[in-house]
Amino acid sequence: MKSDDEKLRELFETEEKPNFKSLIKRAKFLSALKTTIISFMIFIILGFGALILNAHFLNDIANKKEKDLWHYYNIAKPNAYLSNTQTDDRLMTGDIEYVRYRFLGGKLITDGNYKEDYSYIPFINGVYGSTGDNLYSNIANSEQELEDMINYNKVGKRIMKFYHPSIQYDNYINDLEVLDNIGSDKVMELSLSFDSKYSLDEVKNMLPKEITLNWYWVDTLNDKPSETRLKPIFEESEVYGIKALDGQGRSLDDPEERFINSLEVLSDNFISLFNRLSNGKDKITKDDLKIVGVVVSGDAESLKNLKGKSYIKAASLGAVADKY
């Protein structure tokens with residue numbers, strides 16, 4: 001039989017042990033909960049900070065990309081203009097979406113929707129490639145047949161061709177001959193390839209006043225191609241030049257200034273072109289720019305004033321649209 005002291009000791013031991021274990025468990029739980037809450041708060045703060053940095057980096061890159069695009073269009077897109085842009089930022093990457101448009105006399109037409117991606121991670125940028133400007137890829141039985149084919153852009157516009165005056169071609173396209181078959185309710189663009197090199201002022205004076213001068217083709221050809229090779233006929237994406245109109249279709253008084261400025265801004269991208277036009281100098285001047293063709297636009301009746309002009313070696317039809 002247990003004594004009164006043993007019974008009293010057992011009573012206190014059985015009551016103390018459970019309470020002590022419970023306190024330990026509760027302390028551990030509270031510690032774990034505190035750690036979880038702190039970790040979650042740190043995760044939220046770091047995540048929020050990362051999103052802010054991501055947006056900041058992408059915003060800076062998008063702004064630069066948009067400016068570079070504007071300058072690029074001033075150099076390398078005959079009679080094509082960049083609309084207001086829409087940016088879409090995601091994680092580490094984003095894209096700029098815009099509509100391309102052009103002027104046919106006093107008529108503005110759209111020229112397709114385009115996207116340019118950007119990223120602050122180099123290997124992500126452009127990972128999906130580009131669909132290009134053409135609606136489809138031509139398949140031909142020979143290189144000559146391929147050169148003679150008409151290409152179309154993604155909205156079905158004919159892509160204009162250009163013939164360089166230093167190259168003697170076997171055949172020249174002359175779409176001035178088809179103007180009689182185009183109704184008076186249409187407006188269109190034509191690329192004109194000249195017989196020689198001219199200054200900007202000479203070109204302004206020799207073109208009929210009834211037509212709209214949209215763009216000057218600047219001579220950038222280095223060397224005359226070998227006679228044994230196929231003589232290159234250039235498409236819109238392969239030539240460089242000066243816009244004669246601003247983005248609202250108004251004539252520019254000194255169009256060469258915008259071209260030269262854009263070429264200076266993008267000199268790292270067009271270093272060989274800059275050096276070629278500047279003739280080794282650190283600056284390009286108006287006198288350095290020799291014009292070997294133009295893009296003009298208007299209705300069929302006004303464009304007929306170009307027929308018989310001796311300085312025109314080739315004429316290639318581009319976009320055609322309803323006048324009204």
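This is a predicted model, so every value here is computed, not measured.
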Does the pair [X]/[Y] count as a salt bridge with the N-to-O cut at 4.0 Å?
| X | Y | answer |
| --- | --- | --- |
| K307 | D180 | yes |
| K197 | E202 | no |
| K313 | D195 | no |
| K157 | E189 | yes |
| D111 | R100 | yes |
| D60 | K64 | no |
| D322 | K186 | yes |
| D95 | R90 | yes |
| D288 | R276 | no |

Quick one: closest heavy-atom pair of [X] and [Y], and the distance?
| X | Y | answer |
| --- | --- | --- |
| I96 | T85 | CG2-CB, 3.6 Å |
| T87 | A62 | CG2-CB, 4.2 Å |
| A321 | L104 | CB-CD1, 3.8 Å |
| S191 | M160 | N-SD, 3.6 Å |
| S196 | P165 | N-CB, 3.7 Å |
| S297 | G105 | OG-N, 2.7 Å |

### Task
Assess whether ring pair (Phe, Tyr, Trp, His ring centres under 6.0 Å) is satisfied between Y163 and F194, documenting all intermediate values.
CA-CA 8 Å; Y163 296 71; F194 294 157; over 10 Å; no
Taking a hydrophobic cluster as the set of Ile, Leu, Val, Met, Phe, Trp and Tyr residues connected by side-chain heavy atoms closer than 4.5 Å, whether directly or through intermediates, do [X] and [Y] fall within one such cluster?
| X | Y | answer |
| --- | --- | --- |
| L46 | I38 | yes |
| I182 | I211 | yes |
| V178 | L176 | yes |
| I284 | I271 | no |
| L200 | L263 | yes |

Would you compute the distance between atom [atom1] of [X] and atom [atom2] of [Y] and round it to the nearest 0.5 angstrom?
| X | Y | atom1 | atom2 | value |
| --- | --- | --- | --- | --- |
| I150 | D175 | CD1 | CG | 6.5 Å |
| L221 | I167 | CG | CD1 | 5.5 Å |
| S316 | E236 | OG | CD | 8.0 Å |
| K209 | N205 | NZ | CG | 5.5 Å |
| I159 | S237 | CD1 | OG | 7.0 Å |
| L69 | Y114 | CG | OH | 12.5 Å |

## Note on the structure
Given the options N74, L252, I242, F259 meets side chain to side chain contact (heavy atoms under 4.5 Å, CB included) only with I242
### Task
Identify the residue among L317, L192, V296 that makes a side chain to side chain contact (heavy atoms under 4.5 Å, CB included) with L303.
V296
If you count heavy atoms of other groups shown closer than 6.0 angstrom to [atom1] of [X], is the number above 12?
| X | atom1 | result |
| --- | --- | --- |
| E210 | CD | yes |
| D282 | CG | no |
| E238 | CD | yes |
| F57 | CZ | no |

### Worked verdict on L190 versus V295 for side chain to side chain contact (heavy atoms under 4.5 Å, CB included)
CA-CA 6 Å; L190 278 171; V295 172; over 6 Å; no
### Query
How far apart are the C-alpha atoms of D299 and S302, what are their side-chain angles, what is the distance that settles it, and do they pass the side-chain hydrogen bond (donor to acceptor under 3.5 Å, both in side chains) test?
CA-CA 6 Å; D299 58 20; S302 63; 2.9 Å; yes
### Query
Can you say whether the rings of Y311 and Y198 are parallel (under 30°), tilted (30 to 60°) or perpendicular (over 60°)?
perpendicular
### Message
Below 30° counts as parallel, above 60° as perpendicular, anything between as tilted: where do the rings of F162 and W217 land?
### Response
perpendicular
Quick check: does any side chain N or O of [X] sit under 3.5 Å from a backbone N or O of [Y], one acting as donor and the other as acceptor?
| X | Y | answer |
| --- | --- | --- |
| D254 | E256 | no |
| Y169 | H164 | yes |
| N261 | E257 | no |
| N214 | L245 | no |
| Y101 | G247 | yes |

Are [X] and [Y] close enough that some pair of their side-chain heavy atoms sits under 4.5 Å apart?
| X | Y | result |
| --- | --- | --- |
| N151 | E235 | yes |
| N113 | Y98 | no |
| K323 | K107 | no |
| F234 | S193 | no |
| V239 | P78 | yes |

#### Entry: Step-by-step salt bridge (charged side-chain N to carboxylate O under 4.0 Å, His left out) determination, D201 to K286
CA-CA 10 Å; D201 293 333; K286 181 178 180 180; 3.2 Å; yes
### Task
State which residue, out of F270, Y216, Y73, fulfils the ring pair (Phe, Tyr, Trp, His ring centres under 6.0 Å) condition with Y240.
F270
### Message
Test side chain to side chain contact (heavy atoms under 4.5 Å, CB included) on L289 and L277; report intermediate values, then the result.
### Response
CA-CA 7 Å; L289 305 175; L277 293 177; 4.3 Å; yes
#### Entry: Full working for side chain to side chain contact (heavy atoms under 4.5 Å, CB included) between T110 and V155
CA-CA 9 Å; T110 57; V155 295; over 6 Å; no
#### Entry: side chain to side chain contact (heavy atoms under 4.5 Å, CB included) evaluation trace for K77 with R102
CA-CA 10 Å; K77 292 295 180 183; R102 61 185 62 227; over 6 Å; no
### Task
Measure from NZ or CZ of K243 to the centre of the six-membered ring of F103 and say whether it is under 6.0 Å with the direction within 45° of the ring axis.
no
